[in-house]
Amino acid sequence: MKNHIELQFLSEPSDVNYGGKVHGGMMMKWIDQAAFACALQWSQTYCVTVYVGGIRFFHPVHIGHLVKMEARIIYTGKTSMHIAVDAFSKPVGQADFVKNTHCIIVFVAVDDNGQPKAIPSFAPKTEKEIAMHGYAIKLMELRKSIDKEMEPYIV
C-alpha cells in the first residue's frame with residue numbers, strides 16, 4: 001500500500017495576495033488537498049480533517065512558480081491517519097525546489113453514516129519513516145497539553 005503522494009502544479013494569478021505572493025490560505029488549501037488525497041489513497045474510503053497543526057511558512061511561493069506538495073502517512077491509529085505535508089516551489093526551468101511550508105494533518109476515515117471506520121495499519125520500515133513515526137507520537141503527546149490549555153476556550 002502506498003503511504004505517500006506528490007502533486008505538482010503552477011501557481012496562478014488568482015492565488016496571489018496583495019503582496020504579490022501566494023497567500024497562506026491558498027497554501028493551506030493545497031496542503032489539505034494533498035493530505036486528503038494521501039489519506040484517501042491509504043484508507044480507500046472518505047476521510048475528514050480533524051486536526052491541522054504546526055504549520056510553518058518558511059519561504060513565500062511566487063506567482064508562476066512550480067509548486068510541489070508531498071504528503072506522507074507517518075502514523076495510523078484505528079481510524080486516524082497522521083500525515084506530514086511539505087510544500088516546495090521553484091521557478092520554472094530551475095533544478096532545485098525550495099521548501100516553503102511544513103505541517104501535520106490528522107484525518108479520520110468515516111463510513112457512509114459519518115462514523116469512524118477502521119483503516120489499515122501503517123508500519124514504518126525505512127529510517128526516515130521510523131523517525132517520522134516517532135515525531136508523530138511526540139506531537140500527539142504535546143497536543144494533549146495544548147488541548148487541555150485550549151479546553152476553556154473551545155466550548
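The shown structure was predicted, so the numbers you read here are calculated from the model rather than taken from an experiment.
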Would you say the side-chain atoms of T49 and D32 include a donor-acceptor pair closer than 3.5 Å? yes
Residues I55, I31; criterion side chain to side chain contact (heavy atoms under 4.5 Å, CB included); working and verdict: CA-CA 10 Å; I55 190 164; I31 287 166; 3.8 Å; yes
Could you pull out every donor-acceptor pair under 3.5 Å between side chains of residues 83-94 and any protein atom, sequence neighbours left out?
unit_1, atom_1, unit_2, atom_2, d
D86, OD1, K99, NZ, 3.2
D86, OD1, H102, ND1, 2.7
S89, OG, N100, OD1, 3.1
S89, OG, N100, ND2, 3.2
K90, NZ, Q94, O, 2.7

A side-chain contact here means heavy atoms from C-beta on lying under 4.5 Å apart; do V52 and V106 qualify? no
Derivation of the ring-ring contact (aromatic ring centres under 6.0 Å, His included) call for W42 and F107: CA-CA 11 Å; W42 183 262; F107 278 84; over 10 Å; no
Side chain to side chain contact (heavy atoms under 4.5 Å, CB included) between Q41 and I5: does it pass, once the steps are laid out? CA-CA 8 Å; Q41 176 178 267; I5 197 163; 4.2 Å; yes
Could you tell me the separation between the CG atom of D111 and the NZ atom of K117, rounded to the nearest 0.5 Å? 7.0 Å
Please table the atom pairs, donor to acceptor, closer than 3.5 Å between any side-chain atom in residues 56-73 and protein atoms at least two apart or in another chain.
unit_1, atom_1, unit_2, atom_2, d
K68, NZ, E70, OE2, 3.3

In the structure I gave you, are the side-chain heavy atoms of T79 and I119 within less than 4.5 Å of one another anywhere? no
Do D15 and W30 come close enough that some side-chain heavy atom pair is under 4.5 Å? yes
Do M132 and I130 belong to the same hydrophobic cluster, where Ile, Leu, Val, Met, Phe, Trp and Tyr are linked whenever their side-chain heavy atoms lie under 4.5 Å apart, directly or via other members? no
Could you pull out the closest heavy-atom pair between M27 and T101, with the gap in Å? CE-OG1, 3.4 Å
Hey, mind stepping through Y135 and I137 against side chain to side chain contact (heavy atoms under 4.5 Å, CB included) and telling me if it holds? CA-CA 5 Å; Y135 170 55; I137 292 169; over 6 Å; no
Show, in sequence, the C-alpha distance, side-chain angles and deciding distance for L40 and T45, and conclude whether the side chain to side chain contact (heavy atoms under 4.5 Å, CB included) test is met. CA-CA 6 Å; L40 187 63; T45 190; 5.8 Å; no
Do you know the tightest heavy-atom contact between M81 and A109? CE-N, 4.0 Å
Sidechain-backbone polar pair: E129 side chain, T126 backbone, donor-acceptor under 3.5 Å: yes
Honestly curious: do M28 and Y51 fall in one hydrophobic cluster under the side-chain, below-4.5 Å linking rule? yes
Rounded to the nearest 0.5 Å, the SG atom of C38 sits from the CD atom of E6 at a distance of 12.0 Å
Parallel, tilted or perpendicular, judged at 30° and 60°: which one describes the rings of H133 and F122? tilted
Nearest 0.5 angstrom please: M26 CE to S14 OG, how far? 6.0 Å
Would you indicate whether the side-chain heavy atoms of V22 and N17 approach each other to under 4.5 Å? no
Is L10 linked to L7 within one hydrophobic cluster, defined over Ile, Leu, Val, Met, Phe, Trp and Tyr using a side-chain heavy-atom separation of less than 4.5 Å? no
Side-chain donor-acceptor contacts of residues 148-155 below 3.5 Å, not counting sequence neighbours, with atom names and distances?
none

Could you tell me whether a side-chain N or O of S43 sits under 3.5 Å from a main-chain N or O of A39, the two making a donor and an acceptor? yes
Would you indicate whether the side-chain heavy atoms of Y75 and S121 approach each other to under 4.5 Å? no
With a 4.5 Å cut-off on side-chain heavy-atom distances among I, L, V, M, F, W and Y, is there a chain of contacts connecting V50 to Y46? yes
Any heavy-atom pair between the side chains of K144 and M140 that's under 4.5 Å? no
